[in-house]
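Residue numbers begin at 1 in each chain, while the letters A, B, ... track the order of the sequences.
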Amino acid sequence: METQLSNGPTCNSTANGPSSISNNCSSPVESGSVEDSKTNLIVNYLPQNMTQEELKSLFGSIGEIESCKLVRDKITGQSLGYGFVNYVDPKDAEKAINTLNGLRLQTKTIKVSYARPSSASIRDANLYVSGLPKTMTQKELEQLFSQHGRIITSRILVDQVTGVSRGVGFIRFDRRVEAEEAIKGLNGQKPPGATEPITVKFANNPSQKTSQALLSQLYQSPNRRYPGPLAQQAQRFRLDNLLNMAYGVKSCPYSRFSPMTIDGVTSLAGINIPGQAGTGWCIFVYNLAPDADESILWQMFGPFGAVTNVKVIRDFNTNKCKGFGFVTMTNYDEAAMAIASLNGYRLGERVLQVSFKTNKTHKA
DNA sequence: TGAGATT
């Protein structure tokens, strides 16, 4: 694959919520008109490393899925951080919105809402706004732009440390024509009370950025900041991905394995061995309540890292949880951290026992 | 000069 080399922005930020003033999760259930699909969902703010299989696994825990797609960059294959899940039953789609919207996965807070019917008119309706007064809130920004159409998302970027507005933001309209009208009406204008005019223009496409970021990472010196073991492994993992994407190579089949141990999790006996690529690390969760379901496992383990699968073991006749379940996580460090944090965790009236699963890996 | 919502 021939790829252009250029120095693009070196933004590696995986944070989502903290970088915006609010997550704008305003009632996704009520959006859409009556003739819209009631089974097809769009899922936004997915973690960068989440795969289509993981997406399917997460949403499949709600009900039967007709189709599922993680949207990727056509050139680099990088996830664009969103995807679509189409259920067989509209009730499951509604349930997915109610139970999974706002779920925290790693550094992201995912958003689950009905997908609008796809059409050319809703594409390229995203605006970049700069020169905003630092005091302007997201609500005021929306008020300013809403005179030109229906706003799908809005965001004001803030300083990671101080939380103060950086005076730049994004507005996504329902339709391209609305965005065009907003540029005509607001570019170069002073918002009420402002001393400086704002700049309003179309935002960059996501694909432009990912290829730039990919290549700028290849040029970065890997050891500039002397990272600790966890960061080192994460960095190597990223490098593996980059090399794999750029050249189709995998540098080391054992790159998942880390000898690092965490307090309280020092035994490696009986857990899966490096080289069993693709299986991940299976975690045994004991003392779940009879009404426990898969979503509670996603909620508990998702924040610690990549979860590929969860399973609640149920009684065949009653369909009630038999008191235990399994969670599969991709990375050893994240699995160990989840175990160290969740073993002994009090869930309702119960104290959970969480450990690496002993003997053979559970296949769910 | 900047996140990531239309397959």
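- If you check B:dT7, B:dG2, B:dA5 against the side chain of A:V168, the one that comes closest is B:dG2.
- One atom, CZ of A:R155, and another, P of B:dG2, lie 14 Å apart when rounded to the nearest Å.
- Between A:Y114 and the choices A:N40, A:I42, A:I97, the side-chain contact (heavy atoms from CB on, under 4.5 Å) rule is met once, by A:I97.
- Put simply, CZ on A:R150 is 11 Å from C1' on B:dA5, counting in whole angstrom units.
- At a cut-off of 3.5 angstrom, counting only N and O atoms as typed in the model, there is no donor on one side facing an acceptor on the other between the side-chain of A:N126 and the base of B:dT6.
- Dashed line: the shortest gap from a side-chain N or O of A:T153 to OP1 or OP2 of B:dA5 is not under 4.0 Å.
- Within the 6.0 Å centre-distance limit, the rings of A:Y128 and A:F170 are counted as a close aromatic pair.
- Going from atom CD1 of A:I151 over to atom P of B:dA5 covers 16 Å, rounded to whole Å.
- One interatomic measurement links the two molecules: CG of A:D73 to C1' of B:dA3, which rounds to 15 Å at whole-angstrom precision.
- If you measure from atom OH of A:Y82 to atom P of B:dA3, you get 17 Å, rounded to the nearest angstrom.
- Between the side chain of A:R123 and the base of B:dT6, no donor-acceptor pair under 3.5 Å is found.
- Between B:dT7, B:dA5, B:dG4, one nucleotide has an atom nearer to the side chain of A:P206 than all others, and that is B:dG4.
- A straight line from CG of A:L55 to P of B:dA5 spans 14 Å, rounded to a whole angstrom.
- When the nucleotides B:dG2, B:dT6, B:dG4 are ranked by their closest atom to the side chain of A:K201, B:dG2 comes out on top.
- A straight line from NZ of A:K111 to C1' of B:dA3 spans 13 Å, rounded to a whole angstrom.
- The six-membered or imidazole ring of A:F284 lies near that of A:F326, with a centre-to-centre distance under 6.0 Å.
- Across all strands, A:N40 comes closer than 4.0 Å to base atoms (heavy-atom distances).
- Counting heavy atoms from C-beta on, the side chains of A:N331 and A:M329 never come closer than 4.5 Å.
- For A:R166, taking side-chain heavy atoms from C-beta onward, the closest of the listed nucleotides B:dG2, B:dT6, B:dG4 is B:dG2.
- Following rounding to the nearest Å, A:K69 (NZ) and B:dA5 (P) show an atom-to-atom distance of 16 Å.
- Across A:L342, A:V310, A:L105, a single residue satisfies side-chain contact (heavy atoms from CB on, under 4.5 Å) together with A:F301, and that is A:L342.
- Between the side-chain ring of A:Y128 and the base of B:dG2, a stacking contact exists by the 5.5 Å and 30° definition.
- A:Y45 has a side-chain polar atom (N or O) that falls below the 4.0 Å cut-off from OP1 or OP2 of B:dA5.
- In this model, the phosphate group of B:dG4 is not approached by any side-chain N or O of A:R172 to a distance below 4.0 Å at OP1 or OP2.
- You can call A:F170 stacked on the base of B:dA3; the centres are under 5.5 Å apart and the planes sit within 30°.
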